[in-house]
Each structure stands twice: as structure tokens, then as C-alpha cells.
Amino acid sequence: MELIQRQVHYTQEGKRTFDQFYVDEDYNVPDTKEDVKQIVQGKGNVKVEDLRLVENYLRVSGKLYFQILYVTDNAENAPAVLEGKIPFEEMVYIEGDDAGQYFIQNVRTEFTATLVHSRKVGIRALVEMEIGMEKLADEETTTDLESEVSVYKKFRPVHLLELHTMKKDTYRIKEEITLPGTKESVGQLLLTDVSSRKLEIRPGQDEMFLTGELLVFCMYRSEEGKTDWLEQSVPYEGRISCDGVEESMYYSVQSTLDDPLVDVRLDEDGEMRILGIEGTMNLRMNIYREEELSLLEDVYSLEQNCKFETREAVYEELLIQNHSKCKVSEKLLLPELKDDVLQICHSEGEMQVEHMEQTAQGMQVEGILYLTFLYLRADDVIPFGSWSGMIPFSWLLECPNMTEDVRHHITWHVEQLSVGLAGSEAVEVKAVLAFDTFMRKPVFMNVIMDVEFEPVSMEEVEKRPGIVGYVVKDGDDLWSLAKRYMTTEEGIRKVNGIEAGEPKAGDKLLIFKENMSIL
């Protein structure tokens, strides 16, 4: 007797942890910067640099990078920018197994800057993040049995999702923007913002393809001292090597744009009219192969007693992988801005998912789009202003075969955002919110680990009934009945005229012991 086994490579996910903490600190204005008259707008981004287990806690450390646009306290009332970074360390209590690899996803930062006095700014940031854990696992599963004893075998067909590649990688983006002829040359960069939009990732042969856009906003002072700005989308595409990957494979990818940089470069005429755009796209990729297998579920013999040992195992089948988009359109009445806004310069959006609930149709998501826009004011003393608010949204991530024990990996980001004036005291907001969804359902299996055969005693054979009249109960199938009464599915079908399918509860069957002369 020999068991035919196959190794399955997969990931086990631990419990997700949601954490919230504050970064709160005063920041002294550097001597090289002008006094602060009024803060216009502030933005903060968190970069996690290290994750380390300390007993039952996960130590999360990194830096809060911030930019603050303000109006200088001088005769010019010119815009200026404060930039800096603040280190942080957060201890997060972790429950359960700590043998896996931890990762951070869906980070949101709510940043506030307040003026203490002209040389000091108060910085406060609320940081929310989701902490996940996964570990690699290998299991032997039994697919068949070879034996000298004649046996009947029951197989269970499954479409197992097997992990092919698990890796972290980076893609370096380097692009350039040439200022339009209507814009003056750059004298000094003030405020810059680079965000990732429309990122699509798909597998190819031995590689992963990336296509996306960087939305670049740059406020600057021209060589003549005039304040101007530019907002432009910069497309890019690239490849990352992944040995053995094929186009038909499935994938779950988490991406973050780190270290975005905008610098000014000379053009062919020696003028500062080129903006160099750089950034690092960090990718955490799980790539899966789906295989159709027949797993050995049960076995018996009419010649000998068959005993076998099993162990419980949990595999995975793919439910859905998709990229869906939720459109948000809202007209906001803002009487506080009446006759104050001349032009909207730049808008930013950030998503917060507040609640996810499983339904028969899929995963219902409820959340908030946090919106901020920078605008030009009809006031020479304070020429720029900023408005912040929120818009609720609701979206269904469709998954018709959703079950309570489904395992999901969902990431989200703002893919498109535009804010336009709609009269003297209203703005029209249009946004596209993107959701990357990867859902699997667990496949519970009793894997046969060892099989033993023992001779059947004549006394036991004689005790078996030759003919049985049986009324089918809920949960019965022909395999279990054949095994219980030592016959075959084919024999039961033949005697009872069952050509296909399973009998229904309440049906009456005649079951004859196999190898009797009546058959």
C-alpha cells in the first residue's frame, strides 16, 4: 500500500489589528524661514520604517513627514512652506501566534497645524493603520492510494489556490515635466505634492507589469517673484521580474508610494523649466496558482477491513479577485466661502472605511472621503485659503457566493478627484474611489495519513445482512450507504434503477450485499 501525496504551499493569515495613535509636538521655525503670519494648509504622511516584536507587542516605528503652507509676516504677505519630519514609536498589543510576518496597510493620517506664535507651530497628527500578519505553510495532501487489495475510493474535486510567489520589491519611477509656455520659469519651489493614481498591476511571463499615473502639484515662485502653480498627471509603466509567473495567475498586491521628490532642472535653453519627478513604488506581492485537484476523501474494501488515520487541514479556493470603482458626486454649499474663492488650485482626498459587513450579495463598505482643497482668495493680504470637509460613501463589493468564513484582503485609495466652482458659494466634487478585492473561502479537509488492511473474519461476514430495505434520510448519499452495507454505488443504482444523481430523503431503496448469488 502506498499513499500518493502532493505538497501544497499556501499562506495562513492571523488576526488583523486596527490601531490609532497621535503624534503631537511643537515645531520651531528654522532661522532661515520667515516669520509665520497665518497657516493656510498642512499635510502629513506617515512612513513606517521598522516592525519588531517585543514580547506581546509589535513596535511600529517610523517618521511623520509634513509640509505646512503659510503666509509670511512681512510686507509682501508671500506664501512660504515649512517642511520637516518627526520620529514616532507605537507599541501595539498583538494577540495570538507571533510566528508570522507582520505588515501595515490602509494607513490614514489626519494632520493639523496650529500657530503658537510667529516662530513656533503646533503639530498634531492622528494616525490610523491596519496591521496584518501572515505566514507561509506547507502541507502534504493525499491525492490517491495504490494497493494490492481491491479498494473503492472517493475523491473530492477542488480548485486549490496555491501560493506561487511571495515577495517584496520596488519600482523606481523617474519622469520629467516641462512647464507649458504660458508658465514662467521656476525661481523657487514652495509646495509639492505627488500622489499615486490609476495603478494597475497584472502578471506576465516571468514578470509583473505596472501602469499608472503620478498626480503632481507644484506651487512655486517665479524668478520675478510671482506665485504660480502647476498640476499635471504623469503616466508611467514598468516591469518587475518574477520568475515562474504566468499570465493566468491570480495576485494580491499592496502598494505604497514612498520618497516622492520634485526638483527643478535646466532645459536646453538654460532656463529652469523642467521638473524632475521621482518616487519609489513599494510592492508587497502574493501571487497564486489555481490548480484543479482530486483529493482522496474516503476508502473501503469488500475484501478486508480498511482502517485509516486522518488529520484536519484547511486549504483555500478563490472566490473573487477584482478591481472595482465607486463614483462619488456631490455638490457642497459653502456659504462661508461666498465671494472669497477666485480659483481652486489643488484638491486632495483620503479615504476612511468605517464599517464592512458581509451580505448575501457581497461585502458592504461604508466610509468617509476626507476632502481638502487649496484656493486663491480675493484678498491680497492673505492670498490663499484652504477648506476641509468630508463626504460619506457606500459601496458594495459584489461576491455572490459570500460565506461567513470568507477570507478577504481589501485595499482602497482615491483614484480620481476633482473640485470645481459651482457658483459663488458652492463647489462640485467628483471622485472615483478604487477597491482592490481578493477573497478566498476555506476548504476544510480530513487528509488521509495512513491506511491499514485487516482480514475480515467469517463471523463478521455472516453477521452482515444480505438484503436491506432502507428509507433515505437527509444527508445520505450512495457512497456512504454502499460503504455501510459493504456493496458498491453501482450495485445500488442497478438494483434500484437509479441512472444518475443521488436519492432524495424519503426514497425507499433495496440494498443487497455484494457478491451474493442473487446479483
Side-chain angles (χ1 to χ4, degrees), residues 43 45 47 65 67 105-109 169-180 182-183 186 189 191-204 207-220 229-240 251-265 273-285 321-329 344-351 369-374 393 395 410-420 428-437:
K43 178 181 180 180
N45 289 312
K47 182 180 179 181
Y65 291 83
Q67 283 186 323
Q105 66 177 18
N106 298 324
V107 179
R108 189 183 77 87
T109 306
D169 212 328
T170 59
Y171 177 73
R172 189 72 178 173
I173 303 171
K174 293 184 178 182
E175 301 290 342
E176 289 186 341
I177 296 176
T178 301
L179 292 181
T182 55
K183 297 288 184 180
V186 178
L189 284 178
L191 183 69
T192 62
D193 180 46
V194 181
S195 56
S196 176
R197 300 288 173 91
K198 301 182 180 179
L199 176 62
E200 294 185 5
I201 302 173
R202 67 182 190 278
E207 58 188 0
M208 298 291 286
F209 292 100
L210 287 79
T211 58
E213 292 181 359
L214 296 180
L215 181 63
V216 180
F217 173 74
C218 177
M219 177 181 285
Y220 64 94
W229 60 88
L230 173 74
E231 186 170 61
Q232 185 171 319
S233 294
V234 182
Y236 67 89
E237 62 178 26
R239 292 172 168 82
I240 292 179
Y251 55 93
S252 174
V253 179
Q254 176 188 338
S255 65
T256 55
L257 179 64
D258 282 344
D259 306 320
L261 174 66
V262 180
D263 65 285
V264 187
R265 302 171 186 176
R273 301 189 60 81
I274 295 179
L275 299 177
I277 314 299
E278 295 187 12
T280 301
M281 189 63 70
N282 288 317
L283 302 171
R284 180 178 169 275
M285 301 180 289
Q321 175 195 308
N322 73 354
H323 179 79
S324 61
K325 299 178 182 181
C326 169
K327 293 184 178 180
V328 176
S329 182
I344 293 176
C345 309
H346 177 56
S347 59
E348 300 176 27
E350 197 170 19
M351 295 169 59
L369 170 63
Y370 288 90
L371 174 68
T372 299
F373 62 83
L374 177 69
F393 69 85
W395 184 243
I410 304 171
T411 59
W412 52 82
H413 63 277
V414 178
E415 184 162 290
Q416 297 180 39
L417 176 65
S418 66
V419 181
E428 186 175 15
V429 180
K430 293 184 178 180
V432 176
L433 313 180
F435 294 84
D436 290 301
T437 307

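Note that these values count all heavy atoms, side chains included, but never hydrogens, waters or copies made by symmetry.
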To the nearest 0.5 angstrom, please state how far the [atom1] atom of [X] sits from the [atom2] atom of [Y].
X    : Y    : atom1 : atom2 : result
N45  : R108 : CG    : CZ    : 12.5 Å
Y220 : K183 : OH    : NZ    : 5.5 Å
I277 : D263 : CD1   : CG    : 7.5 Å
M219 : D193 : CE    : CG    : 11.5 Å
I344 : E428 : CD1   : CD    : 10.5 Å
L283 : D169 : CG    : CG    : 7.0 Å

* To do: Test Q232 against V216 for side chain to side chain contact (heavy atoms under 4.5 Å, CB included), laying out the working first.
  => CA-CA 5 Å; Q232 185 171 319; V216 180; 5.5 Å; no

Is there side-chain contact between [X] and [Y], with heavy atoms separated by less than 4.5 Å?
X    : Y    : value
V429 : F373 : no
K43  : E348 : yes
T280 : T256 : no
S255 : T411 : no
Q416 : K198 : yes
C326 : V328 : yes
I201 : I240 : no
I177 : I274 : no

* Using the six-membered ring wherever Trp is involved, compare the ring planes of F435 and W412 and label them parallel, tilted or perpendicular (cut-offs 30° and 60°). => tilted

* **Test side chain to side chain contact (heavy atoms under 4.5 Å, CB included) applied to I173 and V234, step by step** => CA-CA 10 Å; I173 303 171; V234 182; over 6 Å; no

* To do: State whether R265 and E278 are salt-bridged, where the test is any N-O pair (Lys NZ or Arg NE/NH1/NH2 against Asp/Glu carboxylate O) under 4.0 Å.
  => yes

I'd like to know whether [atom1] of [X] has more than 12 heavy-atom contacts from other residues, nucleotides or ligands below 6.0 angstrom.
X    : atom1 : result
E176 : CD    : yes
E207 : CD    : yes
K47  : NZ    : yes

Can you see which heavy atom on [X] is nearest to which on [Y], and at what distance?
X    : Y    : result
G349 : L417 : N-CD2, 3.4 Å
G238 : Y171 : CA-OH, 3.4 Å
L433 : V414 : CD2-CG2, 4.2 Å
L257 : S196 : CD2-N, 4.0 Å
R197 : E415 : CD-O, 3.0 Å
E231 : C345 : OE1-O, 4.2 Å

* Candidate pair Y251 and Q321, rule side chain to side chain contact (heavy atoms under 4.5 Å, CB included), full reasoning -> CA-CA 8 Å; Y251 55 93; Q321 175 195 308; 3.2 Å; yes

* To do: I would like to know whether M281 and L199 meet side chain to side chain contact (heavy atoms under 4.5 Å, CB included); could you show each step before the answer?
  => CA-CA 10 Å; M281 189 63 70; L199 176 62; 4.2 Å; yes

